[in-house]
*Asks:* 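Take a look at the following structure, please.
Remember, it's 1-based here, ligands and their atoms both numbered in the order they're listed.
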Amino acid sequence: MEKVGVLVVAYGARETAIVDALARSPNYNVKLYIADKQLNPFNAEKAAKHVVVPDLGIEKICSFAEANKSEIDFAIVGPEKPIIDGVRDLLEKQTGIPVICPKKDCAIEASKVQQRLLFEEIVPEANPRFRVFKPEDYASVDAVKKDVFGWLRELDNQAVVKPDKPTAGKGVGVWGDHFTTREQLFEHFMSNFQYGTVIIEEKIDGEESSFMAFCDGKHLAPLPDTRDHKRAFDDDKGPNTGGMGSYKNKIDQLPFMMKADREAELAIAKKIFKEWTAKMPDPSAARGVPLYLAFMHTRGSPKILENNSRPGDPEIINILPVLKDDFVDVCFRMIDGSLSRVEVQKVATVLTYKVPPSYGGYADVFPAKVNHAEVGMPVDLSKAYALTSKYGDRIRVYPASMELRNGQVYALKSRVVGVLGVGDSIEEARKISLEGINAIRGGALWNRTDIASKQHIAKCVRHLKQLRAEA
Ligand code: AMP
Ligand code: GLY
């Protein structure tokens, strides 16, 4: 088998899944070099060389790559921070190693304002109405308050507040969910505005999907839609998080979507890609997942909630384990510019995350549910891993914000461990995911219990049908 060296820049379970997909390559013997946010136990076991870079600083990542460059054929980057900081530009310049992720200029995730302006030029019909508030434009709090309240009147209060800069999904506040008065909204606005520009945009009613595509710079290779669960608690209550779990249907569209909804997404993504990349001096700059569009399916055509410049976490975990293609080949084709499509198995997948008590404010909202004796204690994944004897490859346990310390595994502060179930139906995949999740012991971890549940899906189907019946 051909030997291949790959550098993975890792943050959480999204990258554990990338590492797994590379390590399971049927065609290549893959040697892994992993620059990781923490000593992730899964990555530590799979890596030929592993380095911890807690802030994922690009200089340190580059030094690690430089020291091993004779062994590395390409690099792949999952997390947004190093991508936005220009890790590809620096790595390619200093080491010559080809890197899979967008170049800095292409990473429009860096600014929600930049995204909205780009979409306004190319697909204005997919943009919610929005207004940008810049601190430098205002001399006093009263002045900005007057403008914010004026805009709220125009929007009839149906507003969403978003900091310009990425905040791992956590800075976004939605009218009706996170505030119900203009004063409360303004308080949330100010908590972001003191640090920089904020957008207030129209709140869109509908159902969400995550659309991602691999990209070789010239083509978009669309992946099946996935559904994230952004809110912390069951029934979509609580603050926004990085995503508590996600699912993929057997087919490319989600159960609440019509074929036409998927086609509309494809048309929007292709139009953005064509007009956006036409202006790029370097045709390879968009390589990776430059367009991960979060869509809202509405009574009319879909609207874009945001764009990320990297694979979704957890959404890509719904896809990588069930690729029909060898992921190493997909990577090579992204680099040489010959990736026009990817094949994915016609199966359903469900990913559920277990998270620590501090995540999503759980310990404050449900103090009685937290087993305080377990906080800070080691986490035991062995019973979850043991389920592979029952389910084979249909269960995957992916450690995320976990650290190996003195031979024990501990939970850190972010999403701790994801379990993926694969099945012939969403229901079957969910059952496997939850069985794995429930087999994990220690760390006082908790999870949403309604990821991809029948009730959750039925509610989404009803909601969109009702909206469209009213249209
Ligand atoms: P974002 O980080 O922009 O994806 O926002 C996080 C979450 O806030 C989304 O997944 C939606 O649930 C919600 N959201 C964001 N923008 C809007 C919008 N314009 N209308 C309604 N909900 C939104
Ligand atoms: N799951 C949301 C994100 O990756 O941004």
*Asks:* Once salt bridge (charged side-chain N to carboxylate O under 4.0 Å, His left out) is applied, do any residues pair with Lys37, and if so which ones, sequence neighbours excluded?
*Replies:*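 Lys37: no salt bridge (charged side-chain N to carboxylate O under 4.0 Å, His left out) contacts found.
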*Asks:* When you look at NZ of Lys274, are more than 12 heavy atoms from neighbouring residues, nucleotides or ligands closer to it than 6.0 Å?
*Replies:*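 Open.
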*Asks:* Under 4.0 Å between a side-chain nitrogen and a carboxylate oxygen: does that hold for Arg468 and Glu470?
*Replies:*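 Salt bridge flag = no for Glu470 with Arg468.
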*Asks:* When you check the gap from the basic side-chain N to the acidic O, do Arg24 and Asp393 get nearer than 4.0 Å?
*Replies:*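 Salt bridge: yes.
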*Asks:* Of all the atoms in ligand 1, which lie at a distance below 4.0 Å from a heavy atom belonging to Arg231?
*Replies:*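 Those of ligand 1 that fall under 4.0 Å from Arg231 are 12 (O).
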*Asks:* Would you mind telling me if ligand 1 is within reach of the side chain of Lys303, the backbone, both or neither, using heavy atoms under 4.0 Å?
*Replies:*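 Within the 4.0 Å criterion, Lys303 makes no contact with ligand 1.
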*Asks:* Looking at Arg14 and Glu315, is there a salt bridge between them, counting it only when a charged N and a carboxylate O are closer than 4.0 Å?
*Replies:*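 No, Glu315 and Arg14 are not salt-bridged.
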*Asks:* Could you tell me, atom by atom, which parts of ligand 1 come under 4.0 Å of a heavy atom of Glu306?
*Replies:*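 In order of number, 1 (P), 2 (O), 3 (O), 4 (O).
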*Asks:* What distance separates Asp235 CG from Lys459 NZ, expressed to the nearest 0.5 Å?
*Replies:*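 Atom-to-atom, Asp235:CG and Lys459:NZ are 3.5 Å apart.
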*Asks:* Mind checking whether Ile204 contacts ligand 1 via backbone (N, CA, C, O), side chain (CB onward), both or neither, at a 4.0 Å heavy-atom cut-off?
*Replies:*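 It is both backbone and side chain that touch ligand 1.
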*Asks:* As a test of understanding, state which of Ile317, Val422, Thr226 forms a side-chain contact (heavy atoms from CB on, under 4.5 Å) with Thr349.
*Replies:*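 That would be Val422.
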*Asks:* Using heavy atoms and a cut-off under 4.0 Å, could you grab the residues that are in contact with ligand 2, chain by chain, numbers ascending?
*Replies:*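 Around ligand 2, where the cutoff is 4.0 Å for heavy atoms, the contacting residues are Asp228, Lys230, Gly242, Tyr292, Asn308, Arg310, Gly312, Asp313, Pro314, Glu315.
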*Asks:* State, without any angle test, whether Ser210 and Asp228 hold a side-chain donor-acceptor pair at a distance under 3.5 Å.
*Replies:*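 Their side chains do not contain a donor-acceptor pair, so the 3.5 Å distance test is not met.
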*Asks:* I'd like to know if Asp225 and Arg262 make a salt bridge, using a cut-off of under 4.0 Å between side-chain N and carboxylate O.
*Replies:*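 Yes, Asp225 and Arg262 are salt-bridged.
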*Asks:* Relative to the heavy atoms of Asn240, which atoms of ligand 1 are at a distance of less than 4.0 Å?
*Replies:*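 Answer, ordered by atom number: 6 (C), 7 (C), 8 (O).
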*Asks:* Run down the list Ile200, Val160, Asn307 and name the one with the heavy atom closest to atom 23 (C) of ligand 1.
*Replies:*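 The nearest heavy atom belongs to Val160.
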*Asks:* In ligand 1, which numbered atoms sit nearer than 4.0 Å to a non-hydrogen atom of Glu202?
*Replies:*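 Answer for ligand 1: 18 (C), 19 (N), 20 (N).
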*Asks:* Which ligand 1 atoms does Glu201 reach within 4.0 Å, using its non-hydrogen atoms?
*Replies:*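 Those of ligand 1 that fall under 4.0 Å from Glu201 are 16 (N), 17 (C), 18 (C), 19 (N).
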*Asks:* Is Lys203 close to ligand 1, meaning an N/O of one under 3.5 Å from an N/O of the other?
*Replies:*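 No: no nitrogen or oxygen of Lys203 is under 3.5 Å from one in ligand 1.
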*Asks:* For the residue pair Phe133 and Phe189, is the inter-centroid distance of their aromatic rings smaller than 6.0 Å?
*Replies:*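 Ring centres of Phe189 and Phe133 closer than 6.0 Å.
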*Asks:* Can you list the ligand 1 atoms lying under 4.0 Å from a non-hydrogen atom of Lys112?
*Replies:*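 Counting atoms of ligand 1 from 1, those under 4.0 Å from Lys112 are 2 (O), 3 (O).
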*Asks:* Any idea which of Met296, His229, Gln115 brings a heavy atom closest to atom 22 (N) of ligand 1?
*Replies:*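 Residue with the shortest heavy-atom distance to the ligand atom: Met296.
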*Asks:* Hey, are Arg287 and Glu92 close enough for a salt bridge, meaning a charged N less than 4.0 Å from a carboxylate O?
*Replies:*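 Between Glu92 and Arg287 there is a salt bridge, with a charged N closer than 4.0 Å to a carboxylate O.
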